[in-house]
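Below is one structure, written out as structure tokens; comments come after it.
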Amino acid sequence: MISALLYLIPFLTGLLMAFRHGPILIFMVYQLDYFLNPQNKWWSSYLPFVGAQFYLVLAMIIAFIIGFGKYNQNPAFKHPQFKFMCLTILMYCLAYFNAPFTEYHIMSMDAFLTIGVVNFLVIKLCREKKHIYWIIDSYLFSAFLLSFYIYGWGRDSSGRVSGVGMVDAPDSNLVAAALAPTIVLFIAKLIADKRLIARGIYAIGLVFVLNSLILINSRGGLLGIAVGIGYFLFISFKNDAFTIKEKRAIFAGMILFVAAFFRLADTTFIDRMMSVKEETTLNEDQETGSTRVFFWLATLEMAKDHPFGAGAGGFQYYAPVYIPQDVNTGGSRNRAVHSTWFETLSESGYLGLLFFSLMIFYTHRAFTKVRKKLWEIKDFANSALVLSISSGFLSFVVAMSFINRLRAEVLYWFVGISVCCLNLFITSKTVKK
């Protein structure tokens with residue numbers, strides 16, 4: 001019952017506030033619904049409705065059409081990352097003609113097109129600088145609620161967390177990839193926010209998310225967190241963004257963060273992290289984490305015969321043909337490729353991978369451009385915000401390199417936010433602060 005209320009109260013509150021503060025709050029409710037995914041939770045029976053994603057998207061479309069003159073000011077197709085996102089989706093759709101799993105590909109294509117529509121709407125509806133802060137805070141709040149649920153759910157008999165996935169992420173490693181960026185975002189909020197109560201709230205969120213990542217035992221997620229935090233601190237100290245007092249606070253905070261990490265880490269988590277060393281050695285006779293290297297090499301061979309991709313699940317279908325027979329793949333030879341980059345190649349072909357890579361490149365470049373511009377005009381607060389978002393984006397990119405997340409909504413949220421940052425912090429001269 002408590003879990004249902006934790007979802008229902010902010011859901012209804014967000015919709016009611018949208019009438020006063022604008023339809024961007026509908027997207028924030030969409031984020032909440034995406035993370036908690038009530039339709040596959042036991043407490044969904046307490047809700048008066050489930051499956052709200054379609055209606056939330058429809059509500060954003062209606063709001064955009066009604067207020068077209070007001071909400072059509074921010075450009076979307078002007079920015080290369082959005083254009084390459086659309087081209088990535090296009091190449092994925094064209095792979096339908098080569099897809100062995102046509103019904104599955106149509107379902108995946110529908111979800112991918114929805115992602116494109118949602119990002120377009122977010123760019124149009126995000127009209128004020130504070131809206132970017134709201135989107136990030138709703139992301140953190142949604143991640144906290146999911147982490148709170150994971151805390152109560154715990155691990156299963158295999159030592160992993162299962163059955164808590166988001167709308168498009170049933171696997172625990174996929175959940176970890178979506179949560180990983182929030183660590184650096186929470187840390188940045190703790191540094192930037194001067195309000196004691198707000199810091200306390202962000203600290204609680206950080207602890208719960210960190211605990212959920214430890215329960216999930218995702219090595220890719222942990223690596224993504226390390227890269228994101230490392231990038232954030234490197235750029236900050238390189239630019240001398242903090243005063244001596246703030247640097248001391250950061251140093252003390254990092255010590256507390258590391259202490260909390262090791263306090264929360266249990267034997268199951270440590271044993272799994274320590275297994276990285278032994279699993280980095282290629283072994284054809286036993287399935288380990290390094291076995292995915294054989295999957296990646298098989299994708300390169302598959303791409304020669306399917307240069308335009310084989311659609312959703314294409315690699316799983318053709319894997320027995322291209323994975324060497326002497327490689328032990330476990331219980332089945334129809335395996336996922338375990339890397340978004342190779343997933344894109346196998347499902348969308350060479351052009352799809354090219355467009356996807358350019359989308360990632362221009363998204364990161366946009367964040368860097370905005371951050372440097374804000375720093376030049378001495379807008380340090382917004383510059384720090386953009387740096388934290390770009391650091392979270394890098395966390396996700398690193399984590400997705402070891403799992404299949406071509407159609408991850410969180411990834412494209414970052415793409416859309418990068419466009420919003422360009423529109424509101426650099427090109428726009430009339431938006432409200």
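Just so you know, these numbers come straight off a predicted model, no measurement behind them. Atoms considered below: every heavy atom in the structure, side chains included; atoms not considered: hydrogens, waters and symmetry mates.
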Worksheet item: ring pair (Phe, Tyr, Trp, His ring centres under 6.0 Å) with H364: which of F414, Y231, F396?
Response: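 Among F414, Y231, F396, the one meeting ring pair (Phe, Tyr, Trp, His ring centres under 6.0 Å) with H364 is Y231.
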
Practice prompt. With sequence neighbours excluded, tell me which residues meet side-chain contact (heavy atoms from CB on, under 4.5 Å) with A111.
Written response: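 For A111, no residue satisfies side-chain contact (heavy atoms from CB on, under 4.5 Å) once neighbours in sequence are set aside.
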
Worksheet item: Among all residues two or more places apart in sequence or in another chain, which pass the side-chain contact (heavy atoms from CB on, under 4.5 Å) test with R20?
Response: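 If we apply the side-chain contact (heavy atoms from CB on, under 4.5 Å) test to R20, skipping adjacent residues, there are no hits.
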
Worksheet item: Can you name the closest pair of heavy atoms from S388 and L185 and give their distance?
Response: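 Here S388 and L185 meet closest at O-CD2, 3.5 Å.
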
Measure the [atom1]-[atom2] distance between [X] and [Y] for me, rounded to the nearest 0.5 Å.
| X | Y | atom1 | atom2 | result |
| --- | --- | --- | --- | --- |
| N382 | D379 | CG | CG | 4.0 Å |
| Q31 | L140 | CD | CG | 9.5 Å |
| M166 | L179 | CE | CG | 6.5 Å |
| D137 | M28 | CG | CE | 7.5 Å |
| Y202 | D193 | OH | CG | 5.5 Å |
| F97 | T102 | CZ | OG1 | 12.0 Å |

Less than 6.0 angstrom separating the ring centers of [X] and [Y], yes or no?
| X | Y | value |
| --- | --- | --- |
| F356 | F84 | no |
| Y92 | F112 | yes |
| H79 | Y362 | no |
| F35 | Y139 | yes |

Exceeds 12 heavy-atom contacts within 6.0 angstrom, atom [atom1] of [X]:
| X | atom1 | result |
| --- | --- | --- |
| Y96 | OH | no |
| F308 | CZ | no |
| F148 | CZ | no |
| R365 | CZ | no |
| F361 | CZ | yes |

Item to complete: Quick one: do F355 and L351 satisfy side chain to side chain contact (heavy atoms under 4.5 Å, CB included)? Show the steps, please.
Response: CA-CA 6 Å; F355 295 146; L351 279 177; 4.2 Å; yes

Worksheet entry | Stepwise side chain to side chain contact (heavy atoms under 4.5 Å, CB included) check, L213 with I183 | CA-CA 10 Å; L213 287 165; I183 294 295; 3.8 Å; yes

I'd like to know if the side chain of [X] reaches the main chain of [Y], judged simply by a donor and an acceptor atom lying under 3.5 Å from each other, with no hydrogens or angles considered.
| X | Y | value |
| --- | --- | --- |
| H105 | F101 | no |
| S212 | S147 | no |
| S383 | R371 | yes |
| E343 | L406 | yes |
| S138 | I135 | yes |
| Q73 | G69 | yes |
| T340 | I403 | yes |
| E347 | G313 | yes |
| N423 | P75 | yes |
| R127 | K70 | yes |

Worksheet item: Going by heavy atoms in the side chains, are L411 and I360 under 4.5 Å from each other?
Response: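 Yes, close enough: below the 4.5 Å cut-off.
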
Discussion item. Counting C-beta onward and ignoring hydrogens, is there a side-chain heavy-atom pair between W413 and V410 closer than 4.5 Å?
Written reply: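 Heavy-atom side-chain distance check passes, below 4.5 Å.
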
Using a distance-only test with no angle check, is there a side-chain donor-acceptor pair under 3.5 angstrom linking [X] and [Y]?
| X | Y | answer |
| --- | --- | --- |
| Q53 | Y30 | yes |
| E128 | Y133 | no |
| Y412 | R407 | no |
| S418 | Q81 | yes |

Discussion item. By the side chain to side chain donor-acceptor pair (under 3.5 Å) test, which pairs, at least two apart or in different chains, include something from residues 107-126?
Written reply: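 Non-adjacent pairs meeting side chain to side chain donor-acceptor pair (under 3.5 Å): N72-K124.
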
Discussion item. Under the side chain to side chain contact (heavy atoms under 4.5 Å, CB included) test against L56, which residue among D33, V118, L32, I61 passes?
Written reply: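 Of D33, V118, L32, I61, side chain to side chain contact (heavy atoms under 4.5 Å, CB included) with L56 is met by D33 alone.
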
Worksheet item: Considering the options W296, F295, Y317, F315, which one meets the side chain to side chain contact (heavy atoms under 4.5 Å, CB included) requirement together with S346?
Response: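 One option only clears the test, and that one is F315.
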
Discussion item. Could you go through W341 and M400, starting from their C-alpha distance and side-chain angles, then the distance that decides it, and tell me whether this counts as side chain to side chain contact (heavy atoms under 4.5 Å, CB included)?
Written reply: CA-CA 8 Å; W341 306 100; M400 78 175 190; 3.7 Å; yes

Discussion item. If you apply the rule side chain to side chain contact (heavy atoms under 4.5 Å, CB included), what do you find for V175 with I150, and how did you get there?
Written reply: CA-CA 10 Å; V175 175; I150 291 174; 4.2 Å; yes

